[in-house]
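Chain naming here is simple, since letters A, B, ... match the order of the sequence lines and numbering starts at 1 in each.
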Amino acid sequence: MDKEYVGFAALPNQLHRKSVKKGFDFTLMVAGESGLGKSTLINSLFLTNLYEDRQVPDASARTTQTLTIERRAVEIEEGGIKVKLTLVDTPGFGDSVDCSDCWLPVVRFIEEQFEQYLRDESGLNRKNIQDSRVHCCLYFISPFGRGLRPLDVAFLRAVHEKVNIIPVIAKADALMPRETQVLKQKIRDQLKEEEINIYQFPECDSDEDEEFKKQNEEMKGSIPFAVVGSCEVVRDGGTRPVRGRRYSWGTVEVENPHHCDFLNLRRMLVQTHLQDLKEVTHDLLYEGYRARCLQNLARPGARDRASRSSLDPIPALPGPTACNLAPHSCAACKKCWRRCKLRCSRTRLRASSQILCEILTAA
Amino acid sequence: MRGSRKRKEGRNEELRNLSLSGHVGFDSLPDQLVNKSTSQGFCFNILCVGETGIGKSTLMDTLFNTKFESDPATHNEPGVRLKARSYELQESNVRLKLTIVDTVGFGDQINKDDSYKPIVEYIDAQFEAYLQEELKIKRSLFNYHDTRIHACLYFIAPTGHSLKSLDLVTMKKLDSKVNIIPIIAKADTIAKNELHKFKSKIMSELVSNGVQIYQFPTDEETVAEINATMSVHLPFAVVGSTEEVKIGNKMAKARQYPWGVVQVENENHCDFVKLREMLIRVNMEDLREQTHTRHYELYRRCKLEEMGFKDTDPDSKPFSLQETYEAKRNEFLGELQKKEEEMRQMFVMRVKEKEAELKEAEKELHEKFDLLKRTHQEEKKKVEDKKKDLEEEVSNFQKKKAAAQLLQAQAQQSGAQQTKKDKDKKK
């Protein structure tokens, strides 16, 4: 039967317009030992100079240094889209000789952001809630060792249920291709053994094209990403200028997929999964924190029990929703439709968690 | 008399240089020395300090062109331990007994406060072993297998910024005990322009913190020049590899990346060749000498001063050593005797105490026994009294019974008599 054209197929466009007007915000945390190239990588990722006036302290000063949390906010614009990017840095991590409990300030910081959001959400005036929650944590692993070190494991264990972790092998130009594969496999095995939950890429929809699916599979297979960062542009004789590191024996090209996984990381972080990271933070990690918090409030005696038990299983994002919008066949609409789908599922999840809360308070 | 005065004068004056009129032949003395040492064989001990996976084993393999088999360590060691392995190498007619000491688990723990301790203890233990051998009465130093560490290669991670705090702390503890040669490991991560800055940062940090690394000797003219030029490049930025890659038309040790090939023995790529020159080809003997004359002597002096020895005059040194030794021995014996006396007294006291206790116990037992005996006797008497009473009662009863029977019999008899009398009367 031929349906008459009503016009709500333009909803995705309206959504698009509104989101552009509102702007996006994203909080990224970088963690790892000093000297692994975190600042250089961030500058390469966002092609700006976020770390202009850095002072790297001496070794003697770092002997007993404690970890501090530094926040840097910048606004970057591309194609009319504004993004407020907040970078959370953790200088002093792993620097001192005794690093026991050096991850506690980080855990406290993440939980403080959740707490702030919870307070804002439960307040009376909810017009302008600033979302300062950490959406993603890039953890830098040293390429000079043989896998994760005890300090890495301790940090990841402490934050894996509170933030999306993306493990990254830093300074990957220290490793030959074979060595990179061995190290990646070792890290994957160690993560599985220690039961650390890193950020999982969502599965592709079945109606995506083969090219996208293949790309997605490739990206998933190359975690942890082996990256090289550089702020210098190298101009070799005949070839075009590339961003890279120049050595006497050759030049490492940062954006060459045969040299390192930088492109994959950038694509994943900025181009395809930025929104998903935010949503997982909101729907899974934040809801988990909220449920735990409210559980503690509802039954003060159950505080011990709650703290001992693991995270309450929040249902995973459901599949296609009850949205009856038929997608337009063009690619842009498809993208918008995907986003709209996820938003609908989020609303449903909110409703179900409200019910959960009622049950808990009634109990 | 006159002769002795002349001798004394001769000692205080300068030695006269005499010229020889012919060839005597003592210019072969160094050769004799060399021949003797070569026949004995040389011995060299290297300590490699660096975090797990930094490339210590690979660099040793590359330096000595041999595959020293060993299992790579994991990051899960609970503490730092030292692993020493000895190898016999031979090149032309020179035999080398090489010992490589590895630090396993260095830099892996979360709390690294005690990481330097096992290393310092190991070095001291080797010095101690040599000292003990030296102090023996019957000693054989000429064929003693010297295990003292001659060189310590400190592997610095190529962060590009500066030293790590653990490096600084460890090097400060080791600089007075061993010849430290700092090297930058995995140097193919550092680009040329960054390398210069990194090296000068490291050297300035070492200087400002008072860490004394090994200085290549510049007093001998033959090696002074090369040592001076090489010292400028400290710390050496090295790359190690045991794999061979075809470069041009020959095979060379290298690491093959998608963007190029790093050749280990190419001086433009890394300082491996410089390290090999300095460590093995030029200064190996000097390292051994420094270890013996500087580090070992310092250890020996500290140890002996601890034990109470003192130098009074250089002249009377042998005597004061003996006297001090005697005095110490007497002191020691006196102490032993005193201890023995104390122990004996304590023993006697204890025995007395025990005896007194036992006596007390005996007395108590006796008393108990007496008490029991008395009680027993009393009981016995009571029982006897009761028995007597009972017997009396029985005899009374018997009497009564007999009396009663008699009466009865009498009564019967009188009854019978009465009947008889009645019968008679009736007749």
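Note that the CH2 atom of A/W249 and the CH2 atom of B/W259 stand 10.0 Å from one another [nearest 0.5 Å].
A donor-acceptor contact shorter than 3.5 Å links the side chain of B/H75 to the backbone of A/R146. In this structure a side-chain-to-backbone donor-acceptor pair under 3.5 Å is present from A/Y247 to B/T189.
Between B/E243 and A/M176 there is a side-chain heavy-atom pair separated by less than 4.5 Å. Counting heavy atoms from C-beta on, the side chains of A/F144 and B/I54 come closer than 4.5 Å. A/S248 has its side chain within reach of B/K192: a pair of non-hydrogen atoms, C-beta onward, lies under 4.5 Å apart. B/K112 is not listed as a side-chain neighbour of A/S96, based on a closest heavy-atom distance of 4.5 Å or more.
Among B/T52, B/D108, B/I110, the single residue meeting the side chain to side chain contact (heavy atoms under 4.5 Å, CB included) criterion with A/R149 is B/D108.
If you measure heavy-atom distances from A/H259 to chain B, the contacts under 4.5 Å come from both the backbone and the side chain. Using a 4.5 Å cut-off between heavy atoms, A/A154 touches chain B through its side chain atoms alone.
Put simply, of B/N111, B/N76, B/L168, B/D113, the one with the most heavy-atom pairs under 4.5 Å next to chain A is B/N111.
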Exercise for the section: Go through B/N193 and A/E232 one step at a time and tell me if the side-chain contact (heavy atoms from CB on, under 4.5 Å) criterion holds. Expected result: CA-CA 12 Å; B/N193 53 340; A/E232 292 165 31; 4.0 Å; yes

